[in-house]
Amino acid sequence: MTLEKRWIASFVIIVLIALTSLFWSHQPAAVSNQFLDTTAINFADVAWLLTASCLVLLMTPGLSFFYGGMVGRKNVISTMLKSFICLGVISLLWVTVGFSLSFGDSIGITIGDQTYGIIGNPLDFLFFDQVEVLPHSSLGASIPFILFALFQMKFAVITPAIITGALAERIRFISFLLFICLFTLIIYAPLCHMIWHPNGLLGSFFGVKDFAGGTVVHMSAGFAALAGVIVLGKRKNNEHIPTNIPFVVLGTGLLWFGWFGFNAGSALAANGTAAMAFATTTIASASAMITWIFFDRINGRKVSALGACIGAVVGLVVITPAAGFVTIPESIFFGFIGAIVSNKMVYWKRLKEIDDTLDVFACHGVGGIMGMILTAIFAHGEDASLLHGGWGVFAHHMTALLLVSIFTFGGAYLLFKFTNAIIPLRVTEESEEIGLDQSQHGEKF
């Protein structure tokens, strides 16, 4: 059977990875211009980044509860598993080549004597070569390089997991696995390099500020979700009746808790910037949650636990790119305006027509866009943003916003088409009717 061949091929891939790792000749790091001596390690920073890495990891199972509670009863396990499985698939992909593509030496455009990276050299840190206890001079100079790599791995894990909410209740599991691997290598890794590598094209040349992933994580996932629902098409029965609201509340709590590691951890140190990012994160979320439920009420909708949870998550998304760059009062405005814009998008008829199951684009995509725009307006520092003399920075942000939108949407659209040509994306009508829990996994909620 064709299906059996697909799973055999998948098993062969993991066998090859395991055997390659067994016989891999690991290259250790040595003190050089690139790597510092262990005396540069700050133990307070190490303790905080270990904690932050655990917090960010917790966000993925939190997301699975958040999404799982929103879908119909026949698709709870399937939806949760698609988020949770990213912990396994993307972690292995990150170690083998993903980290190197994201943070290896820049390959890109050379202007004068400076190379502005589009992607990292895939051979630099293959199978975590040189990724050990020595700190990297420009990538977390006070923590072991292995800790920086693992912290960044959690961001790579949750990004494709976010996409799952848009595709819920109709995408084939094996097709999803193929897509998230392609997405991580071809969209996430280059975008990560361009923004977060010291020589990245968007961060270094355009001056884009993205403190913790509004662009890298939320915009990329949001636009990929939009592309996915266009390629997949509508569900046969797109009535949205959440199965378990307590799951959604639990998931929101885990996400909020984990987001402190996501944002405050991105300071890469136990310092004042981390403390400010911690504070702006929770205040923006609080502001968005309250704004969402009040805005629902004045539009004739009841105050709901679901709305409060969605509002809280939108606030977290909007503040992410600016968490370490703005004040507490400004973070209140971030949450407020982000909640209103996303709320309007959630109920926009045009978006409802394409059947984004859990409104991923309206919340994460639009939230990431709003965060990027607001960061370009409010970020503090000399010539840092529109309100602080940085007219050029603002113009570059808007240019980068357009480029990222085209790259992430167009790239994801082509990857979905490519995936569909190899393995059909949609389950059969019969499987969709039965529910993916039973038809794909043989389990029942």
Side-chain angles (χ1 to χ4, degrees), residues 2 6-7 9-10 13 60 63 67 78-79 81-83 85-94 96-102 107-108 118-120 122 153 155-195 201-202 213 215-234 354-358 360-361 364-365 368-369 402-427 440:
T2 305
R6 293 167 189 159
W7 286 106
S10 302
I13 291 171
T60 299
L63 184 70
Y67 282 166
S78 168
T79 301
L81 179 60
K82 285 186 179 72
S83 292
I85 202 69
C86 293
L87 282 167
V89 175
I90 305 304
S91 294
L92 288 178
L93 194 63
W94 189 250
T96 53
V97 70
F99 179 65
S100 196
L101 289 171
S102 299
I107 298 172
I118 294 174
I119 198 164
M153 182 178 78
F155 286 72
V157 165
I158 198 169
T159 304
I162 292 169
I163 302 169
T164 63
L167 316 175
E169 303 187 336
R170 62 200 187 276
I171 189 170
R172 196 184 302 266
F173 185 73
I174 186 69
S175 306
F176 173 74
L177 295 185
L178 174 58
F179 171 78
I180 62 173
C181 290
L182 295 172
F183 171 86
T184 301
L185 297 177
I186 298 172
I187 294 179
Y188 180 87
L191 191 57
C192 180
H193 185 89
M194 285 189 282
I195 289 183
L201 176 66
L202 296 178
T215 308
V216 179
V217 176
H218 297 290
M219 277 186 64
S220 68
F223 276 105
L226 183 62
V229 298
I230 291 172
V231 174
L232 269 175
K234 297 180 181 180
I354 63 171
D355 195 17
D356 180 345
T357 310
L358 303 181
V360 174
F361 178 73
H364 292 272
I369 292 169
L402 180 62
L403 293 175
V404 169
S405 301
I406 294 170
F407 172 64
T408 53
F409 176 79
Y413 184 87
L414 293 175
L415 290 181
F416 274 115
K417 285 287 191 181
F418 177 76
T419 301
N420 192 51
I422 297 174
I423 310 171
L425 286 169
R426 284 196 72 139
V427 298
Q440 294 278 291

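Computed from a predicted model, the values in this text were never measured in an experiment.
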Rounded to the nearest 0.5 Å, how far apart are [atom1] of [X] and [atom2] of [Y]?
X	Y	atom1	atom2	answer
Thr357	Ile171	OG1	CD1	10.0 Å
Met153	Ser102	CE	OG	12.5 Å
Ile118	Leu202	CD1	CG	9.0 Å
Ile158	Ile90	CD1	CD1	12.0 Å
Leu178	Phe416	CG	CZ	10.5 Å
Ser220	His364	OG	NE2	11.0 Å

Atom of [X], atom of [Y] and distance for their closest heavy-atom approach:
X	Y	result
Ile187	Phe407	O-CE2, 3.7 Å
Arg426	Lys234	NH1-O, 2.6 Å
Asn420	Leu425	OD1-N, 2.8 Å
Ile163	Ala221	CG1-O, 3.6 Å
Ser10	Ile174	OG-CD1, 3.4 Å
Tyr188	Ala156	OH-N, 3.5 Å

Any side-chain heavy atom of Ile162 sitting closer than 4.5 Å to one from Val217?
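Side-chain contact under 4.5 Å: yes.
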Stepwise side-chain contact (heavy atoms from CB on, under 4.5 Å) check, Arg170 with Val229
CA-CA 10 Å; Arg170 62 200 187 276; Val229 298; 3.5 Å; yes
Sequence neighbours excluded, every pair satisfying side chain to side chain donor-acceptor pair (under 3.5 Å) that has a member inside residues 407-417:
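Every pair satisfying side chain to side chain donor-acceptor pair (under 3.5 Å) with a residue in residues 407-417: there are none.
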Can you list every side chain to side chain donor-acceptor pair (under 3.5 Å) pair that touches residues 175-185, not counting sequence neighbours?
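Found none.
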Option from Leu93, Thr419, Ile13 for which side-chain contact (heavy atoms from CB on, under 4.5 Å) with Cys181 holds
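When side-chain contact (heavy atoms from CB on, under 4.5 Å) is applied between Cys181 and each of Leu93, Thr419, Ile13, only Leu93 qualifies.
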Could you tell me which residues satisfy ring pair (Phe, Tyr, Trp, His ring centres under 6.0 Å) with [X], sequence neighbours excluded, listed by chain and number?
X	answer
Phe173	His441
Phe176	none
Tyr67	none

Given Thr60 and Ser83, is the side-chain hydrogen bond (donor to acceptor under 3.5 Å, both in side chains) satisfied, shown in steps?
CA-CA 6 Å; Thr60 299; Ser83 292; over 6 Å; no
Keeping the roles fixed (side chain from Thr159, backbone from Phe155), state whether a donor-acceptor pair exists under 3.5 Å.
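Yes: the side chain of Thr159 pairs with the backbone of Phe155.
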Do the ring planes of Phe223 and Phe361 sit parallel (below 30°), tilted (30 to 60°) or perpendicular (above 60°)?
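Perpendicular.
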Applying side chain to side chain donor-acceptor pair (under 3.5 Å), name anything that partners Ser78, two or more places apart in sequence or on another chain.
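Scan of Ser78 (side chain to side chain donor-acceptor pair (under 3.5 Å), adjacent residues dropped) gives Lys82.
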Should His193 and Leu101 be marked as a side-chain contact (heavy atoms from CB on, under 4.5 Å) after you check the CA-CA gap, both sets of side-chain angles, and the distance that decides it?
CA-CA 7 Å; His193 185 89; Leu101 289 171; over 6 Å; no
